[in-house]
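The structure appears below as structure tokens.
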Amino acid sequence: MPNPVFRSKAFQGPVQQAKQEQHAGYQQAQGYQQQPSGGAGQPAAGFPPQTGSTMSSDQLSRMYQQPSATAADTGRMTFGSVINRTSLVFLMIVAGAVFGWTFANPVNNAGIYFLALAVGFIFGLINAFKREPSPVMISIYAVAQGIFLGGISALFELQWPGIVFQAVLATLSVFAVVLALFRSGKVRATPKMNRIFMIAMVSYLVFSLLNFVLMITGAIDGMFGLRSGWLGIVIGLLAVVMASYSLVMDFTSIEEGVRAGVPERYSWTAAFGLAATMIWLYIEILRILAIFNQD
């Protein structure tokens, strides 16, 4: 399911604070530029006198010739820092997936994958609502989710050879298309679409919970319960569309964070958010391909 990290106070709080600081700085600069003069180079009554030595023309010239400080210089989040942290998180997911794939065994090692799933779920919730990002907790989440994904992918591959490569390729393709459309400005998150997305997500979660309960109680048979046949494919495609729009929302939030100048440490939050959405997208695509390949 989509991560709430970009919509939570953990990420939106720093964004709003940075915007307020920028606005306050702009107003202060405007007030200084418009400060009235009291004549003879003195400030008007009611304004504090300027202190300190007067800079020479050479000093002023050298100061203005200095290159402007970049976001990286001031410790702010940049697109580059988000890419670096996201790459690191995905490397940890891949490392965990290699381990999970190697030890995949539904009989002897099933406990490893249930434990990894539980750890990933718990740390996912912690990271989503934690006010300050924790690289250690995000790393634990990434490795745990990787182990689970590696195990489930190996089991699917044993039953339908080639399905994992197709799922990975399709996931990366969806990500590339959504990113290209977002960068071109043709796709944007809007308040109306966000409301539609939330309604669809609540409906999807209710259906998924109902399906899970029916499966564990034995009320319905099948590998995917109600998500079998054409109904399962339609629901899966709708889930892929929702995950794709969740990527758009993630890109929008990251762009807002960079423009607002949030602290660089929140690059870890952005990396976690993107990873959670991509994991959801991969699982949905893997399930669709499995339904297509069922006899």
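Because the structure is a prediction, the values reported are computed rather than measured. Basis for what follows: all heavy atoms, side chains included, without hydrogens, waters or symmetry-related copies.
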Shared-cluster residues of Val241, by chain and number - hydrophobic side chains joined below 4.5 Å | none
Hydrophobic side-chain clustering at under 4.5 Å (ILVMFWY, transitive links): who's grouped with Val94? Put none if nobody.
->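 Traced through the cluster, Val94 reaches Val98.
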Salt bridge (charged side-chain N to carboxylate O under 4.0 Å, His left out): pairs with one or both residues in [range], sequence neighbours excluded:
{"range": "residues 160-172", "result": "none"}
{"range": "residues 165-176", "result": "none"}
{"range": "residues 173-182", "result": "none"}

Between [atom1] on residue [X] and [atom2] on residue [Y], distance to nearest 0.5 Å:
{"X": "Met201", "Y": "Met242", "atom1": "CE", "atom2": "CE", "result": "5.5 Å"}
{"X": "Asn293", "Y": "Ile288", "atom1": "CG", "atom2": "CD1", "result": "12.0 Å"}
{"X": "Met278", "Y": "Ile93", "atom1": "CE", "atom2": "CD1", "result": "9.0 Å"}
{"X": "Ile163", "Y": "Leu158", "atom1": "CD1", "atom2": "CG", "result": "11.5 Å"}
{"X": "Thr269", "Y": "Ile138", "atom1": "OG1", "atom2": "CD1", "result": "5.5 Å"}
{"X": "Phe212", "Y": "Leu205", "atom1": "CZ", "atom2": "CG", "result": "14.0 Å"}

Under 6.0 Å between the ring centres of Phe148 and Tyr113?
-> no
Which atom pair, heavy atoms only, marks the closest approach of [X] to [Y]?
{"X": "Arg188", "Y": "Val248", "result": "C-CG1, 3.9 Å"}
{"X": "Met77", "Y": "Ser267", "result": "CG-OG, 3.1 Å"}
{"X": "Tyr245", "Y": "Met193", "result": "OH-CB, 3.0 Å"}
{"X": "Ser228", "Y": "Gly225", "result": "OG-O, 2.9 Å"}
{"X": "Tyr266", "Y": "Arg131", "result": "OH-O, 3.4 Å"}
{"X": "Phe182", "Y": "Thr252", "result": "CE1-OG1, 3.3 Å"}

With a 4.5 Å limit on heavy-atom distance, are the side chains of [X] and [Y] in contact?
{"X": "Val164", "Y": "Trp101", "answer": "yes"}
{"X": "Ile147", "Y": "Leu115", "answer": "no"}
{"X": "Ile122", "Y": "Ile126", "answer": "yes"}

[X]: which residues meet the side-chain hydrogen bond (donor to acceptor under 3.5 Å, both in side chains) condition with it, sequence neighbours left out?
{"X": "Gln145", "answer": "none"}
{"X": "Ser153", "answer": "Tyr282"}
{"X": "Arg183", "answer": "none"}
{"X": "Arg287", "answer": "Glu284"}

Can you say whether the rings of Tyr204 and Trp280 are parallel (under 30°), tilted (30 to 60°) or perpendicular (over 60°)?
-> tilted
Report the residue from Ile285, Leu286, Leu289 that forms a side-chain contact (heavy atoms from CB on, under 4.5 Å) with Gln166.
-> Leu289
Report the residue from Asn127, Thr277, Val89 that forms a side-chain contact (heavy atoms from CB on, under 4.5 Å) with Phe272.
->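 It is Asn127; the other options fail the test.
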Should [X] and [Y] be counted in the same cluster of Ile, Leu, Val, Met, Phe, Trp and Tyr side chains packed under 4.5 Å apart?
{"X": "Ile83", "Y": "Leu179", "answer": "no"}
{"X": "Ile235", "Y": "Trp230", "answer": "yes"}
{"X": "Leu231", "Y": "Ile233", "answer": "yes"}
{"X": "Val240", "Y": "Leu238", "answer": "no"}
{"X": "Val234", "Y": "Leu237", "answer": "no"}

Evaluate the side chain to side chain contact (heavy atoms under 4.5 Å, CB included) criterion for residues Tyr141 and Val119: first the C-alpha distance (whole Å), next the side-chain angles of each, then the deciding distance (0.1 Å), finally the verdict.
-> CA-CA 7 Å; Tyr141 165 82; Val119 171; over 6 Å; no
Mark yes or no for whether [X], through its side chain, and [Y], through its backbone, hold a donor-acceptor pair below 3.5 Å.
{"X": "Asn211", "Y": "Phe207", "answer": "no"}
{"X": "Arg76", "Y": "Val258", "answer": "no"}
{"X": "Ser203", "Y": "Ile199", "answer": "yes"}

For Phe165, look at atom CZ and say whether over 12 heavy atoms of other residues, nucleotides or ligands are found less than 6.0 Å away.
-> no
How far apart are the C-alpha atoms of Leu149 and Ile279, what are their side-chain angles, what is the distance that settles it, and do they pass the side chain to side chain contact (heavy atoms under 4.5 Å, CB included) test?
-> CA-CA 8 Å; Leu149 291 177; Ile279 290 172; 3.9 Å; yes
List in chain and number order the residues that pass ring-ring contact (aromatic ring centres under 6.0 Å, His included) with Phe156, two or more places apart in sequence or in another chain; answer none if no residue qualifies.
->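 Only Trp160 meet the ring-ring contact (aromatic ring centres under 6.0 Å, His included) criterion with Phe156.
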Review item, side-chain donor-acceptor pairs of residues 168-178, under 3.5 Å, at least two apart:
{"from": "Thr171", "atom 1": "OG1", "to": "Ala167", "atom 2": "O", "distance (Å)": "2.7"}
{"from": "Ser173", "atom 1": "OG", "to": "Leu169", "atom 2": "O", "distance (Å)": "2.7"}

Determine, step by step, whether Trp268 and Leu88 satisfy the side chain to side chain contact (heavy atoms under 4.5 Å, CB included) criterion, reporting the C-alpha distance in whole Å, the side-chain angles of both residues, the deciding distance to 0.1 Å, and the verdict.
-> CA-CA 10 Å; Trp268 282 101; Leu88 183 58; 3.5 Å; yes
With sequence neighbours left out, which residue pairs that include part of residues 84-95 fulfil the side-chain hydrogen bond (donor to acceptor under 3.5 Å, both in side chains) condition?
-> Arg85-Glu264
Could you give me the CA-CA distance, side-chain angles and deciding distance for Phe121 and Leu117, then say whether side chain to side chain contact (heavy atoms under 4.5 Å, CB included) is met?
-> CA-CA 6 Å; Phe121 178 76; Leu117 178 61; 5.5 Å; no
